[in-house]
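Okay, so here's the structure we're looking at.
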Amino acid sequence: MTGSVPRPPRLGLTRADLDALPNYVPGRSPADLARELGLTEAIKLASNEVPFGPLPGVVEAVTEAVTGVHRYPDMGVVALRDALAERYGVPAERIATGCGSVALAEHLVRATCLPGDEMVYSWRSFEAYPIIAATSGASSVRVPNTAAHGHDLSAMAAAITDRTRLVIVCNPNNPTGTSVRKAELDAFLDAVPQDVLVVIDEAYREFVTDRQVPDGLTYLDRPNVVVLRTLSKAWGLAGLRIGFLVAHPEVAAAVRKVVTPFSTSLAAQAGALAALTQADEMRRRCDVVISERERVTEALRKLLPEVPTSQANFVWLPLGDAAVAFGRACEARGVIVRPFAGDGVRVTIGTPEENDAFLAAAEAALA
Ligand SMILES: Cc1ncc(COP(=O)(O)O)c(C=O)c1O
């Protein structure tokens, strides 16, 4: 076009810094693996889902809701926020919902960090954190886990600078299953400046049995604390994509402002409302997972004594450079686990039969 301003040459259509970003790795498809191995089905223990199907009433509620999908959902998510407020004993104005808690983590970064601002988290932790930081333009500050695979909260407090806007405490930590206890979290929160948001990511809260691991909701008198929860795990709604946060009203309002419009879908709202009426059944299912977690941990420790105590619905095998080979060996026996190259392997607790199949595969791989 004549008269257009000459533009400097660029190398691609999208941001060059994205090349350095790892892809989020979803668990491998069990159907694919079963086909490859000629099995009727493979076992997926790679994505920390609870294996017992949707809670009673969820399928019916979602089926009923989808008759109205020609309409937008309630953008204020009023009924669901009210139900969450009642269950957790907090005002609805403190709650924001989103398309999974991972989306809410992203919205929190969007609501706090400008390009160059820092987000501090422990590493290794949830693999979405570095992606969220980078895509929001924030700088990731990763504080190495302790030798016991948990958060080093003193080092995390020491890593806070004038540029830090947000710190994430993943409790229990994905993928290592370790957790921080009340005394250390209290001391950490006392050390963090009041204008830095502390996000306590409690995706696995319902599986915690250690009474010294505090419920993040007990810290809400501190305005800079945000608690992130999901209905994907214990509540069995991973496929519907629904998570929520509880925060100071101003923070919750800021998140509701930056949230992608209508991203808590009609089906997610209906499914979540139905699931929340099934708290006793949710508890019963989590208790099965917890007792299996103890059984699997004990069996694994006979093969690998360093397996840390997990407070989540998965266990961590700190296998270092042997992680990928272990993952392949399990897959060869029809069990999909989640290796992190050079570091370890995360294995979700499944049904007792699935766990037995995994333990047989682990024994063969580690013998
Ligand atoms: C620690 C942690 N936080 C958040 C999430 C996100 O869960 P969702 O987006 O399904 O709510 C996960 C999922 O694996 C997780 O492990």
Side-chain angles (χ1 to χ4, degrees), residues 22-28 44-51 54 58 77 80 84 95-110 119 121-133 135 142 145 149-151 166-180 198-208 213 216 226-247 255 259-260 263-265 267-269 271-272 275-276 282 289 293 310-316 336-338 340 344-350:
N23 287 312
Y24 186 97
V25 182
R28 189 174 172 190
K44 185 183 173 210
L45 301 178
S47 298
N48 297 346
E49 298 128 336
V50 167
V58 167
V77 198
L80 178 56
L84 290 166
I95 296 176
T97 65
C99 180
S101 60
V102 70
L104 287 166
E106 198 170 343
H107 299 327
L108 281 164
V109 179
R110 212 187 279 167
M119 163 175 157
Y121 51 91
S122 194
W123 196 251
R124 176 173 294 278
S125 190
F126 182 31
E127 60 189 314
Y129 298 154
I131 300 172
I132 288 167
T135 52
R142 298 181 184 190
N145 288 345
H149 313 288
H151 284 30
L166 185 140
V167 183
I168 302 186
V169 176
C170 188
N171 202 31
N173 187 45
N174 175 10
T176 59
T178 53
S179 45
V180 300
V198 179
V199 179
I200 307 178
D201 185 343
E202 294 188 332
Y204 303 97
R205 174 68 204 172
E206 293 84 355
F207 305 101
V208 171
V213 176
V226 178
V227 176
L228 210 49
R229 295 274 180 100
T230 182
L231 281 88
S232 294
K233 312 293 181 183
W235 295 95
L237 297 180
L240 274 185
R241 313 304 303 123
I242 172 79
F244 67 98
L245 62 74
V246 189
V255 169
V259 93
T260 308
S263 58
T264 305
S265 77
Q269 294 188 39
L276 288 172
M282 178 279 288
V289 170
R293 174 183 77 199
S310 171
Q311 287 290 297
N313 67 335
F314 52 83
V315 289
W316 175 246
I336 304 169
V337 295
R338 179 73 173 88
F340 294 86
V345 178
R346 188 191 69 201
V347 184
T348 306
I349 300 299

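Remember, it's 1-based here, ligands and their atoms both numbered in the order they're listed. Side-chain atoms are counted along with the backbone in the values below, which use heavy atoms only and exclude waters and symmetry mates.
- In this structure, N171 has no side-chain hydrogen bond (donor to acceptor under 3.5 Å, both in side chains) partners at least two apart in sequence or on a different chain.
- Of the possible donor and acceptor atoms, one in the side chain of S265 sits under 3.5 Å from a partner among the backbone N and O of A268.
- Not a single salt bridge (charged side-chain N to carboxylate O under 4.0 Å, His left out) links R142 to another residue, sequence neighbours left out.
- Residues passing the ring pair (Phe, Tyr, Trp, His ring centres under 6.0 Å) test with F207: none are found, sequence neighbours excluded.
- Side-chain polar atoms of N173 and Y204 form no donor-acceptor pair below 3.5 angstrom.
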F244 and V77: CA distance, side-chain angles, deciding distance, side chain to side chain contact (heavy atoms under 4.5 Å, CB included) verdict: CA-CA 11 Å; F244 67 98; V77 198; over 6 Å; no
I'd like the atom pairs linking ligand 1 to the protein - N or O on both sides, separation under 3.5 Å - with distances to 0.1 Å.
unit_1, atom_1, unit_2, atom_2, d
ligand 1, 3 (N), D201, OD1, 3.1
ligand 1, 3 (N), D201, OD2, 2.7
ligand 1, 7 (O), S101, OG, 3.4
ligand 1, 9 (O), S101, N, 3.2
ligand 1, 9 (O), V102, N, 3.0
ligand 1, 9 (O), R241, NH2, 2.7
ligand 1, 10 (O), S232, OG, 2.6
ligand 1, 10 (O), R241, NH1, 2.8
ligand 1, 10 (O), R241, NH2, 3.3
ligand 1, 11 (O), S101, N, 2.6
ligand 1, 11 (O), S101, OG, 2.9
ligand 1, 11 (O), T230, OG1, 2.5
ligand 1, 11 (O), S232, OG, 3.4
ligand 1, 14 (O), Y204, OH, 3.3
ligand 1, 14 (O), K233, NZ, 2.9
ligand 1, 16 (O), N174, ND2, 2.7
ligand 1, 16 (O), Y204, OH, 2.6

